[in-house]
**Q** 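Below is a structure I'd like to ask you about.
The structure presented is a predicted model; accordingly, all values stated were derived computationally and were not measured. Note that these values count all heavy atoms, side chains included, but never hydrogens, waters or copies made by symmetry.
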Amino acid sequence: MQIIIENGRRVLVANEGHTLQSVTDGSLVGDKIILGKKDSEIHYHEILVPFKVEEDAKE
C-alpha cells in the first residue's frame with residue numbers, strides 16, 4: 001500500500017489484488033481511502049481480496 005496525493009488530499013491506496021482493512025474494527029474499506037488530518041496509514045492494513053472460483057460448466 002502507498003500514500004498518494006489527489007487534489008491536495010492524502011489517499012491511501014492498496015496494491016493490486018488487495019483491499020484495505022481497518023485495524024481498529026476490522027471493517028473492509030475498499031481499495032483506497034482518503035486520510036483525514038488525524039488519520040494515519042497505521043490504522044489500516046492490506047489483505048488479499050477474496051475471490052469466488054466458478055466451476056466450468058460440464059457438458
**Q** So, taking the atom named NE2 in His45 and the one named NE2 in His18, what distance separates them when rounded to the nearest 0.5 Å?
**A** 10.5 Å
**Q** Starting at OH of Tyr44, measure out to CE of Met1 and round the result to the nearest 0.5 Å.
**A** 10.5 Å
**Q** Taking Ile3 as the starting point, is it possible to reach Ile34 by hopping between hydrophobic residues whose side chains are less than 4.5 Å apart?
**A** no
**Q** Inspect the surroundings of CG in Asn7 and state if more than 12 heavy atoms from other residues, nucleotides or ligands are less than 6.0 Å away.
**A** no
**Q** Who passes side-chain contact (heavy atoms from CB on, under 4.5 Å) against His43, sequence neighbours left out?
**A** Asp39, Ser40
**Q** Could you tell me which non-hydrogen atom of Glu41 sits nearest to which non-hydrogen atom of Leu12, and how far apart they are?
**A** CB-CD1, 3.9 Å
**Q** Identify, with sequence neighbours excluded, every residue that meets side-chain contact (heavy atoms from CB on, under 4.5 Å) alongside Ile4.
**A** Gln2, Glu6, Val11, Val13
**Q** Decide yes or no on side-chain contact (heavy atoms from CB on, under 4.5 Å) for Thr19 and Ile47, but give the supporting numbers first.
**A** CA-CA 6 Å; Thr19 189; Ile47 61 169; 3.5 Å; yes
**Q** If hydrophobic clusters are built from ILVMFWY residues whose side chains come within less than 4.5 Å, do Val29 and Leu35 share one?
**A** yes
